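Beneath this line is the structure, given in structure tokens, with notes to follow.
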Amino acid sequence: MNAHYPDELASAPLLEIDGASVMRGDRLILDHFSLRIDAGEHTAILGANGAGKSTLVRLITRELYPLARKDGTSSMHVFGRDRWHVSDLRGLLGIVSPSLQDDCTSDATLEVSEAVLSSFFAARRLGLDHRVTAAMRERADEAIAHAGATHLLGRRMASLSTGEARRVLIARALVHRPRALLLDEPCAGLDMASRRRFLESLRGLARSGTTLLLVTHHIEEVLPEIERVVLLRDGRVLRQGDKADVLTSEALGDAFGMPVRVQRNGDYYNAAVM
Ligand SMILES: Nc1ncnc2c1ncn2[C@@H]1O[C@H](COP(=O)(O)OP(=O)(O)OP(=O)(O)O)[C@@H](O)[C@H]1O
């Protein structure tokens, strides 16, 4: 269901970070951090608490910026460009994050359809100057159906369960038919069954051409379609590469600072602390 974009965007890497340094408060969290993710390369970014995952997500979503370089060049490109209007970037990169979910569910009167339609205007609510067209409504209905949220229409976001609200956020991200989805801890708060159903719906998206960038600390969420894994520790890439090479007991033990045993379970992996 992807839209068409200029040729330069079609083949540009989703993400190129080349020696970026990021401060939070007075601490250097990412120090000369580099990472490249190619178009179409479904990737999981894994790491323990405090490894730097949220910092990386905020860097990608432009909520944080890298320190300026002396030579004025940019250490970060998204879809080949170093400058983006946030609203243009949203059309290419859908985002589902805990902070976005908090925003939407803490608004007592926001309804499901408005939470999705307002995404066309890079807003959280529809304003008087937002002209919703029939085509937008059609796209919103399509995205809501795709996310399995049609039965939630008419409900208020604040009344939804965590899993239900997550589906609406996926619809909000999908309404632009983005090339990629950045999912930050998308299974947080979901029960076992909802988690499995949700992961299966992500598999469908991955197969239909939406690149998945999944950020998590649970290796059980690494979908079969995800071939590449990046392990973070202390704001650095500890290991990256093919899933089978990275999801080992030794590498996971290093990343989480504790002996773990990794097991393959069909097309999925799981890990237990030893
Ligand atoms: N505003 C801030 N000021 C100072 N340090 C911060 C700030 N925000 C985050 N940090 C530090 O940055 C490091 C990385 O944090 P980050 O939130 O990116 O990790 P994470 O991998 O997302 O962790 P978690 O899985 O717990 O969410 C941590 O050591 C954290 O304490």
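Note that ligands are numbered from 1 as they come in the structure, with each ligand's atoms numbered from 1 the same way. What you see is a predicted model, and the numbers here were worked out from it, not measured in a lab.
Checking R27, E185, R24 against atom 8 (N) of ligand 1, the nearest heavy atom belongs to R24. Between the choices L28, L59, T55, the shortest heavy-atom distance to atom 18 (O) of ligand 1 belongs to T55.
The nearest protein atom to atom 23 (O) of ligand 1, hydrogens excluded, is given as G50 N, 2.7 Å; this is a heavy-atom distance. Nearest protein neighbour of atom 27 (O) of ligand 1, counting heavy atoms only, is S54 OG, 3.7 Å.
For ligand 1, the atoms sitting less than 4.0 Å from at least one non-hydrogen atom of K53 are 18 (O), 19 (O), 20 (P), 21 (O), 22 (O), 23 (O), 24 (P), 25 (O), numbered in the order shown with element in parentheses. Atom numbering of ligand 1 starts at 1 in the shown order; those under 4.0 Å from a heavy atom of N49 are 23 (O), 24 (P), 25 (O), 26 (O). Residue H217 approaches ligand 1 through these ligand atoms, each under 4.0 Å from one of its heavy atoms: 25 (O). Residue contact check: A48 has heavy atoms under 4.0 Å from atoms 21 (O) of ligand 1.
Shown here is M274, whose CE atom has more than 12 heavy atoms of other residues, nucleotides or ligands within 6.0 Å.
With Y268 as the aromatic partner, R196 meets the cation-pi criteria of under 6.0 angstrom to the ring centre and within 45 degrees of the ring axis.
Contact check for D38 versus R228: no side-chain heavy atoms found under the 4.5 Å cut-off. The closest side-chain heavy-atom distance from M157 to V112 is below 4.5 Å.
At least one heavy atom of G52 sits closer than 4.0 Å to an atom of ligand 1. Using a 4.0 Å cutoff on heavy atoms, G235 does not count as a contact of ligand 1.
Using modelled atom types and a 3.5 Å distance limit, the side chains of H176 and S119 yield a donor-acceptor pair. Side chains of S74 and R83: no donor on one and acceptor on the other come within 3.5 Å. No hydrogens or angles considered: nothing links the side chains of S113 and R137 as a donor-acceptor pair under 3.5 Å.
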Checking R197 against E200 for the salt bridge (Lys or Arg N to Asp or Glu O under 4.0 Å) test, could you report, in this order, the C-alpha distance in whole Å, the side-chain angles of both residues, the deciding distance, and whether it holds?
CA-CA 5 Å; R197 276 197 293 272; E200 289 300 321; over 6 Å; no

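The shortest N or O to N or O distance between I29 and ligand 1 is not below 3.5 Å.
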